[in-house]
Each structure stands twice: as C-alpha cells, then as structure tokens.
Amino acid sequence: DEGMTALGEAVRGGSLSKLKVLDLSENLFGTQGMDAFFGAVTVTMLPILETLLLSRIGHGVPSLVAALRAGSLPSVKVLSLRNCGLDNDSMLLLGQAFQVNCMPSLIRLSLHENPFTEAGLTYFLDAFRIESLPNLTALNISFLPLTDLDPFQSALRNSISEGKLRSYHLK
C-alpha cells in the first residue's frame, strides 16, 4: 500500500503526466493503496497513458471505476484486468463507468480469468451504450476449462448485433 500511495503522490505532483505505459501486474495491492493511487488519478489525470496493465492486482476495482467514470484516463488504448477478481457486481460497475464516460481510445480490453458469470457479462454489456467503446476491437475473455461457454456466446453475439461490440475472443 505504501508503494501505491507513493505513486499516487507522484501523480498528484505531475511527475507521471508523460507516462504512456503503466504495468502494475502481479502485485497484490491493498484497497488503501489502490484508493490512494486511483484517487490521485481521478483528480489529476494521466492524460497520455495508453496502456494500463492491472493483472492480478488484488483490490482496487471500485477506485479504478471511479477514475474511468471521471474521464481521468482519456488516452488508454489497452486495459488488462486479467485475474483481478471481477465478480458480477464489478462487471456492472465497469459497464456503468463506460456508460457514463465513453472511451473512444480503448481498443483492447482483457477480462481473462475472472470469476464473473453470464449474469456479470450481461450486466457489463447491457450497462454501456453503442458509443461507449466505439473503437474496441478486442474484448478478451477466458474462463476455467469446464465453463459452459454457450450462454456467454449468446450475450456477446447480442451485443455485436446491437452494435455495441465489433468482436470478441472467448475461450
């Protein structure tokens, strides 16, 4: 948490304003650290950040969602939330963030290895609008080997037919 708090202070001080890639993967940050970091991002912004990798961060989805809702990550093209513990409620919050703040820069969203169900995916897809992610070309989702993918396929195909998604990768 101390490291993330320090990063948050660097954001507030403008030291990271030219950052284009931020890889925080494989760190089990606590809620306090993630709140401090994304709280700073929400207020100060990371205006040219293009790649944000948050795989296996442990906590922090609500504070990330707040930053997304505030439009504080306007240039992000790649967002990886692989194995971040996204459950159905987290997926709804993420979808709502994209509904409130469109992200035309986002082209790749990775949601691999998260425990959400078909309901969570449906919440996510239903929450945002056609214009929310207009340039998203890669939505990557993978599950445990025994997961029945048919319901997920159906929800994703519906979003493509509605014009919300262009493509997806499901395995």
Side-chain angles (χ1 to χ4, degrees), residues 17 19-25 34 37-39 41-57 59-144 147-171:
S17 63
L19 192 65
K20 288 194 174 194
V21 176
L22 181 58
D23 185 351
L24 298 172
S25 300
M34 294 302 284
F37 175 72
F38 282 113
V41 170
T42 299
V43 172
T44 310
M45 293 181 64
L46 288 175
I48 64 171
L49 185 70
E50 294 179 354
T51 302
L52 181 57
L53 307 175
L54 299 173
S55 301
R56 293 195 65 201
I57 56 166
H59 302 286
V61 172
S63 53
L64 166 64
V65 165
L68 292 171
R69 287 178 72 106
S72 299
L73 298 164
S75 301
V76 169
K77 295 178 181 179
V78 176
L79 177 59
S80 177
L81 299 172
R82 180 182 57 83
N83 199 8
C84 286
L86 297 176
D87 59 12
N88 292 344
D89 292 337
S90 300
M91 291 297 288
L92 176 60
L93 290 174
L94 190 60
Q96 289 173 338
F98 294 134
Q99 179 185 44
V100 169
N101 180 55
C102 298
M103 288 193 66
S105 61
L106 191 64
I107 57 174
R108 182 177 187 155
L109 177 59
S110 295
L111 301 171
H112 294 295
E113 302 169 17
N114 282 292
F116 61 85
T117 66
E118 175 200 356
L121 180 62
T122 300
Y123 296 157
F124 171 75
L125 296 171
D126 286 349
F128 68 85
R129 300 167 287 143
I130 291 172
E131 59 275 359
S132 294
L133 303 171
N135 296 309
L136 186 70
T137 56
L139 174 62
N140 299 312
I141 304 170
S142 67
F143 297 96
L144 297 173
T147 302
D148 178 11
L149 298 181
D150 288 341
F152 293 95
Q153 294 274 15
S154 177
L156 290 163
R157 278 194 299 270
N158 287 343
S159 286
I160 286 176
S161 69
E162 293 170 2
K164 290 182 177 182
L165 290 179
R166 288 189 201 173
S167 67
Y168 62 88
H169 179 71
L170 181 66
K171 62 178 182 171

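What you see is a predicted model; the values in this text were computed from it and never measured.
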Completion exercise
Residues Ser17 and Ile48: closest non-hydrogen pair is O-CG1, 3.5 Å

Handout entry: Check: Ser72 side chain, Thr42 main-chain N or O, donor-acceptor pair, under 3.5 Å
Key = yes

Handout entry: Close side-chain approach of Leu111 to Leu121, heavy-atom, < 4.5 Å
Key = no

Completion exercise
What one should report as the nearest heavy-atom pair of Met45 and Gly71 is CE-O, 3.7 Å

Exercise for the section: Return each pair, listed once, that meets salt bridge (charged side-chain N to carboxylate O under 4.0 Å, His left out) where at least one residue sits in residues 127-140; pairs must be two or more places apart or across chains. Expected result: Arg129-Glu131

Handout entry: Side chains of Leu133 and Leu139 in contact at under 4.5 Å (non-hydrogen atoms)
Key = no

Exercise for the section: Under the side chain to side chain donor-acceptor pair (under 3.5 Å) rule, collect the residues that match up with Thr44, sequence neighbours excluded. Expected result: none

Handout entry: Interatomic spacing from CG in Asn158 to NZ in Lys164 - rounded to 0.5 Å
Key = 10.0 Å

Completion exercise
All heavy atoms of Pro104 vs all of Asn135, minimum pair found to be O-ND2, 2.7 Å

Handout entry: Closest approach of Ala155 to Thr122 (non-hydrogen atoms, all atoms of both residues)
Key = CB-OG1, 3.9 Å

Problem - Residue pair Leu52 / Leu64, side-chain heavy-atom distance below 4.5 Å - result: yes

Handout entry: Candidates Asn140, Leu79, Thr137 - the one meeting side-chain contact (heavy atoms from CB on, under 4.5 Å) with Arg108
Key = Asn140

Exercise for the section: Search all heavy atoms of Cys84 against all heavy atoms of Leu54 and return the closest pair with its distance. Expected result: SG-O, 2.9 Å

Problem - Phe37 side chain near Leu22 side chain, heavy-atom distance below 4.5 Å - result: yes

Practice task
Using a 4.5 Å cut-off on heavy atoms from C-beta on, say whether the side chain of Leu109 contacts that of Phe124.
Solution key: yes

Problem - Beyond-backbone contact of Ser55 with Asn83, side-chain heavy atoms, under 4.5 angstrom - result: no

Practice task
Decide if atom CZ of Arg82 counts as having more than 12 heavy atoms of other residues, nucleotides or ligands within a radius under 6.0 Å.
Solution key: yes

Practice task
Using modelled atom types only, decide if a donor and an acceptor are shared between the side chain of Ser132 and the backbone of Phe98 within a distance under 3.5 Å.
Solution key: yes

Problem - Minimum side-chain heavy-atom gap Leu68-Val76 below 4.5 Å - result: no

Practice task
Please round to the nearest 0.5 Å and tell me the distance separating atom CD1 of Ile141 and atom NE2 of His112.
Solution key: 9.0 Å

Sequence neighbours left out, cut at 3.5 Å: what donor-acceptor pairs do the side chains of residues 86-97 make with other protein atoms?
{"residue": "Asp87", "atom": "OD1", "partner": "Asp89", "partner atom": "N", "Å": "3.2"}
{"residue": "Asp87", "atom": "OD1", "partner": "Ser90", "partner atom": "N", "Å": "2.8"}
{"residue": "Asp87", "atom": "OD1", "partner": "Ser90", "partner atom": "OG", "Å": "2.9"}
{"residue": "Asn88", "atom": "OD1", "partner": "Thr117", "partner atom": "N", "Å": "2.8"}
{"residue": "Asn88", "atom": "OD1", "partner": "Thr117", "partner atom": "OG1", "Å": "3.2"}
{"residue": "Asn88", "atom": "OD1", "partner": "Gly120", "partner atom": "N", "Å": "3.1"}
{"residue": "Asn88", "atom": "ND2", "partner": "Thr117", "partner atom": "OG1", "Å": "3.0"}

Handout entry: Heavy-atom closest contact (Pro47 atom, Ser75 atom, distance)
Key = O-OG, 2.7 Å

